[in-house]
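What follows is one structure encoded as structure tokens, with my remarks underneath.
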Amino acid sequence: MTLTLRRSRSPFEVGVLLALGVLSIVSAVFFDQAATFTARQLPEPLGHIMYAGTAVAAGVALTGVWWRHDIAGLLIERIGLISLASWTLGYGLAVLAVSGARGIQFGGYMGAVAAMALVRAWQIGREARELSLVAGAAQRLKDESEGA
């Protein structure tokens with residue numbers, strides 16, 4: 001008996017992670033040319049650090065998305081999403097602290113990205129528990145059938 005468990009992947013999630021990763025890399029490397037006005041208002045080198053951290057976190061989450069074989073992919077994705085939530089929330093709060101009311105739109109957007117990353121991380125935790133229960137049950141069935 002072969003048991004194949006498939007995880008669903010939202011193209012929206014993958015697209016947002018990919019866009020955040022690529023745009024953050026470009027903005028970190030070409031900061032003076034590509035960084036947003038609000039990022040350039042942050043104290044030096046905070047804008048660079050925020051972009052780099054966001055890029056790494058998005059990359060870790062995408063690595064987990066494309067990991068195919070076991071529950072490890074889910075957990076890698078979850079680590080990336082929790083890290084992404086930390087970076088984007090920190091970035092949003094820093095923008096609000098520096099820009100005041102002018103930073104509400106961008107800070108709010110970063111806060112929303114952080115919230116959605118945390119929601120997805122929570123969903124992954126639930127999926128991981130369910131997958132481990134199914135995998136354990138499948139192993140017990142296999143052990144019983146081999147022992148009979």
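Predicted model only: the values in this text are computed from it and were never measured. Worth knowing before you read on, the calculation uses all heavy atoms, side chains too, and leaves out hydrogens, waters and symmetry mates.
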- Task: Say whether, by atom type as modelled, one donor and one acceptor occur between the side chain of T63 and the main chain of G59 under 3.5 angstrom.
- Result: yes

- Query: When rounded to the nearest 0.5 angstrom, what distance separates CG in L96 from CE in M110?
  - Reply: 11.5 Å

- Between L74 and L131, what is the shortest heavy-atom contact and its length? CD1-CD1, 3.2 Å

- Message: Starting from I82, can I reach V56 by hopping between I/L/V/M/F/W/Y residues whose side chains sit under 4.5 Å apart?
- Response: no

- Task: Run through the side-chain heavy atoms of Ile, Leu, Val, Met, Phe, Trp and Tyr, join any pair under 4.5 Å, and report what else lands in V119's cluster.
- Result: M116

- Would you please name every residue forming a side chain to side chain contact (heavy atoms under 4.5 Å, CB included) with R140, sequence neighbours left out? A137

Please output the side-chain donor-acceptor pairs of residues 37-49 that fall under 3.5 Å, not counting sequence neighbours, one pair per line with the distance.
from, atom 1, to, atom 2, distance (Å)
T38, OG1, T36, OG1, 3.1
R40, NH1, A35, O, 2.4

- Query: According to the ring pair (Phe, Tyr, Trp, His ring centres under 6.0 Å) rule, which pairs have a member within residues 105-144, sequence neighbours left out?
  - Reply: Y91-F106

- Minimum side-chain heavy-atom gap E77-E127 below 4.5 Å: no

- A52: what forms a side chain to side chain contact (heavy atoms under 4.5 Å, CB included) with it, not counting sequence neighbours? none

- Message: Less than 4.5 Å apart, side chain to side chain, heavy atoms only: is that true for V14 and W66?
- Response: yes

- Message: Is there a path of hydrophobic side-chain contacts, each under 4.5 Å between heavy atoms of I/L/V/M/F/W/Y residues, joining V65 to V113?
- Response: yes

- side chain to side chain contact (heavy atoms under 4.5 Å, CB included) partners for L89, two or more places apart: L93, A114

- Task: Enter the distance from L62:CG to I76:CD1 here, rounded to the nearest 0.5 Å.
- Result: 12.0 Å

- Query: Looking only at heavy atoms, what is the nearest atom pair of A128 and L75, with distance?
  - Reply: CB-CD2, 4.2 Å

- Item | Minimal non-hydrogen separation, A55 against I25, with atom names | CB-CG1, 3.6 Å

- Heavy-atom pair of closest approach, residues Y51 and S24: O-CB, 3.3 Å

- Item | Residue pair L133 / R129, side-chain heavy-atom distance below 4.5 Å | no

- Query: Hey, quick one: are L23 and W87 part of the same hydrophobic cluster, counting side-chain heavy atoms closer than 4.5 Å, chains of contacts allowed?
  - Reply: no

- Check: L81 and L118 side chains under 4.5 Å, non-hydrogen atoms: no

- Nearest heavy-atom neighbours spanning A94 and M50: CB-CE, 4.4 Å

